[in-house]
Amino acid sequence: MDGCPKKNLLAEVLRKGIVLAKNEQNPADQNPTEESPHRLIEMRLEKMEELGQSVELYPYSYDRTHTSEQARSGEEKLVADETTVRYPGRIMAKRGTGKTLFVPIQDEWGILQAYFRKDDLGEEKFAQIQKLIDIGDWIGVEGPLFRTRTDELTVKVTDFTFLAKAIQPLPEKFHDMSLENKSRRRHLDLAMNLESRERFKLRSAIITDIRAFFAEDEFLEVETPVLQPLYGGATARPFTTHHNALDMTLYMRIADELYLKRLIVGGLEKVYEIAKDFRNEGMDRTHNPEFTMLECYAAYWDYHGMMDLTERMLRRLAVGFGDEGRVTYGEYEMDFNKPFVRLRFMDALAEKTGQDLMQTSTEDLVVLAKKHGAEIKKGMGRDKILDELFSVLVEPELIQPTFVMDHPKELSPLAKAHRETEGLVERFELFIAGFEVANSFSELNDPREQRRRFEDQKALMDAGDDEAQPIDEDFLQAMEQGMPPTGGMGMGIDRLVMLLVDTNNIRDVLLFPHMRPEQ
RNA sequence: GCGCCACUAGCUCAAUUGGCAGAGCAACUGACUCUUAAUCAGUAGGUUCGGGGUUCGAUUCCCUGGUGGCGUACCA
């Protein structure tokens, strides 16, 4: 094998070839990197220059008479009346047969095809569209509508206006872009994928409908600070920033809860905010560093009131955006028309384990949890073990909308103690398709108790827990002014949208998800 | 954070044991007056993610850095 003559000969020839190529290259090629990478762009710039000699390259406006949708819906009358339409959009393809040219033009609502004929347009104009105007450019076409032999609604172009040049080429049209490319260059994703457009329009419509829902219920939409001198209302690490004029540290909010409660103290009885929150934590399929959170608070309500509100809201969304109240998510089919299941936390565990765990000793609880495959770490409190057990035994089965209520106390530092059962709090979480959609409490409004809990948090913080909350004296002072009984609810809007548009990746519902910088 | 996998033309992807880096779309030239993934003939396009190593020879094997995907952990 080693001395194979054929092999050595081949190697020698190849080596010579490489040396030759190098020798050729060195003297001749002064600028080897200059030429190739942008050849497509250079080509387009050249065409642009030529086109610029006869038309305005970047005109200021265009008078549209019809969108693609309006042209389609009004076709019968438009064709009968031989109405001249003026239709602008982006060129998505060019199909020429020498002296004719078919050009699909896309606007926000879809694609309408345009038909260019040399005989109709004359030599110069036809040469423009055929030679100088590229896929990706924007034009407005003018002419009557007709149906082609293959029954495609088409603008028969009598004149057209150049609207803007695309120096960059569009991506290839019949393969999907990678999720990375879609997320990094959303403008291309939106240009190429109408279903992506529809998804983001749906997100917008969902949020609009949520606002309408709260307006009908006479909630007041408010805005509270994003930049906060102290962060709170959740357990999470914050982003930190600096105010130059005041020379002070400010934090991006991790929640708006503490400010909304001050409004309740002030006498605004029903408030809500759709807030961007920021948490300095890991990113994955279901977490983005900035995300949209709905929080609402209502004076004189408890968590039962919030449960009713949450159920009404989600049923409305499922009717509006699902199939008559039914929503498909992956392999699951949920029916929002039926009353949501209401399941007490401890009852669910009792049913799964066959015993009342309120009475079980912590030692027995650890044994039980391990038996069911829950991960038990040192230092976990009794309630934390219950939570682990719950997430292993119960959560995966919560496909239909289900309120899990009355949690153990340790898990819920912001909730009011349960009015009947010792050791529990008045809280609910809404689970749908196996993940948590909403979280709600009868809000704690005793300032002495609130101060104790802040001090517990402070102790955790001093012990090195970087997710613990600092003591917020301003908030405590507001609470000392007296907050009426209040129900509060928080809902992750991004995850709600994921559910309604049936995707398992948060990047599909965020126009510009956070990405690591390229290179 | 950790683990596994991926990165090749503007885009989507090939490339046998380590042996001349390819296709489709987009682009360019030409033909074609109802096309619709138009068609036909031809042309051009590459730092194979960066850096190092092994080898006569690396897209391929090893090390290292980057980015991404999936899983997992933490977490609304």
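Below, chain A is the first sequence line, B the second, and so on; all start at residue 1.
- Judged by distance alone, the side chains of A/Q113 and A/R95 do bring a donor and an acceptor atom under 3.5 Å apart.
- Toward the 5' end of RNA chain B, the nearer of the two residues A/N505 and A/V437, judged by each one's closest nucleotide, is A/N505.
- A salt bridge is absent between A/R453 and A/D456; no separation between the charged side-chain nitrogens and carboxylate oxygens falls under 4.0 Å.
- Using a 4.0 Å heavy-atom distance criterion, A/K131 is classed as a sugar-phosphate-only contact.
- A salt bridge (charged side-chain N to carboxylate O under 4.0 Å, His left out) with A/D494 is found for exactly one of A/R203, A/K276, A/R285, namely A/R203.
- At a threshold of 4.0 angstrom between heavy atoms, the contacts of A/M293 are confined to the sugar-phosphate backbone, with no base atom among them.
- Not one side-chain nitrogen or oxygen of A/N181 sits closer than 4.0 Å to the OP1 or OP2 atom of B/G10.
- By the 30° and 60° cut-offs, the orientation of the rings of A/F390 relative to A/F345 is parallel.
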What does the list of N/O pairs under 3.5 Å between the protein and nucleotides 4-6 of chain B look like, with a distance for each?
none

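- Counting non-hydrogen atoms under 4.0 angstrom, A/S178 reaches the backbone sugars and phosphates but no base.
- Residues that satisfy the side-chain hydrogen bond (donor to acceptor under 3.5 Å, both in side chains) test with A/D134, not counting sequence neighbours, are A/K47, A/K165.
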Atom pairs, N/O to N/O, protein against nucleotides 38-40 of chain B, distance under 3.5 Å?
residue : atom : partner : partner atom : Å
B/A38   : OP1  : A/K173  : NZ           : 3.3
B/A38   : OP2  : A/R95   : NH1          : 2.8
B/A38   : N7   : A/G96   : O            : 3.0
B/A38   : N6   : A/G96   : O            : 2.3

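- Considering all non-hydrogen atoms of both residues, A/T100 and A/Y115 come closest at CG2-OH, 3.6 Å.
- Taking the C1' atom of each, B/G46 and B/C20 are spaced 15 Å apart, rounded to whole Å.
- A straight line from CE of A/M177 to C1' of B/G68 spans 15 Å, rounded to a whole angstrom.
- Spacing between B/G50 and B/G66 at atom P, rounded to whole Å, works out to 15 Å.
- Using atom C1' as the reference point in both B/A9 and B/G52, the two lie 26 Å apart (nearest Å).
- For the pair A/K99 NZ and B/G30 P, the computed distance is 13 Å after rounding to whole Å.
- Within the structure, every pair that satisfies the side chain to side chain donor-acceptor pair (under 3.5 Å) test and touches residues 391-405 of chain A, not counting sequence neighbours, is listed here: A/K352-A/E397.
- With P as the reference atom, B/U17 and B/U60 are 15 Å apart, rounded to whole Å.
- Each of A/E281 and A/H514 was assigned the nucleotide of RNA chain B with the nearest heavy atom; the assignment lying further toward the 5' end belongs to A/H514.
- In terms of heavy atoms, A/D277 sits closest to A/D256 at OD1-N, 4.3 Å.
- Residue contacts shown for A/R285 are limited to sugar-phosphate atoms, with no base heavy atom under 4.0 Å away.
- No more than 12 heavy atoms of other residues, nucleotides or ligands shown are found within 6.0 angstrom of CD on A/E76.
- Ring planes of A/F219 and A/Y272: perpendicular class, angle over 60° (limits at 30 and 60°).
- Note: NZ (A/K182) to P (B/U67) measures 23 Å, nearest angstrom.
- Using atom P as the reference point in both B/G19 and B/G57, the two lie 14 Å apart (nearest Å).
- At most 12 heavy atoms of other shown residues, nucleotides or ligands fall within 6.0 angstrom of atom CZ in A/R237.
- Atom CD of A/E49 is surrounded by 12 or fewer heavy atoms from other residues, nucleotides or ligands within 6.0 Å.
- Of the candidate nucleotides B/G68, B/C70, B/C11, B/C11 has the atom lying nearest to any side-chain atom of A/E172.
- Contacts with RNA chain B (heavy atom under 4.0 Å) in residues 106-122 of chain A: A/Q113, A/Y115, A/R117, A/D119, listed by number.
- One interatomic measurement links the two molecules: CG of A/L40 to P of B/C28, which rounds to 9 Å at whole-angstrom precision.
- Listed nucleotides: B/U35, B/A27, B/U67. Nearest to the side chain of A/R149: B/U35.
- Looking at A/R262 and A/T224, their side chains never bring a donor and an acceptor atom within 3.5 Å of each other.
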Given Watson-Crick or G-U pairs with both distances under 3.5 Å, what dot-bracket string fits RNA chain B, with | for other-strand pairs and [ ] for crossing?
(((((((..((((.....[..)))).(((((.......))))).....(((((..]....))))))))))))....

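- When distances run from any side-chain atom of A/D284 to the nucleotides B/C74, B/C28, B/U67, the shortest one goes to B/C74.
- Counting non-hydrogen atoms under 4.0 angstrom, A/L101 reaches nothing in the nucleic acid.
- The aromatic rings of A/F403 and A/F340 sit tilted relative to each other, their planes meeting at an angle between 30° and 60°.
- In this structure, the CD atom of A/Q130 is 15 Å from the C1' atom of B/A27, given to the nearest Å.
- Stacking of A/K125 on the aromatic ring of A/F160 is recorded, both the 6.0 Å distance cut-off and the 45° axial limit being met.
- Going from atom CZ of A/R39 over to atom C1' of B/C11 covers 12 Å, rounded to whole Å.
- Nucleotides B/U72 and B/C56 have their P atoms positioned 46 Å apart, rounded to a whole Å.
- Taking the C1' atoms as reference points, B/U16 lies 23 Å from B/U12, given to the whole Å.
- Between B/C32 and B/C49, the two C1' atoms lie 43 Å apart (nearest whole Å).
- A donor-acceptor contact under 3.5 angstrom links the side chains of A/S68 and A/D107, judged on distance only.
- Between A/D137 atom CG and B/A27 atom P there is a gap of 11 Å when expressed in whole angstrom units.
- In this structure, A/M43 places its CE atom 8 Å from C1' of B/A44, rounding to the nearest Å.
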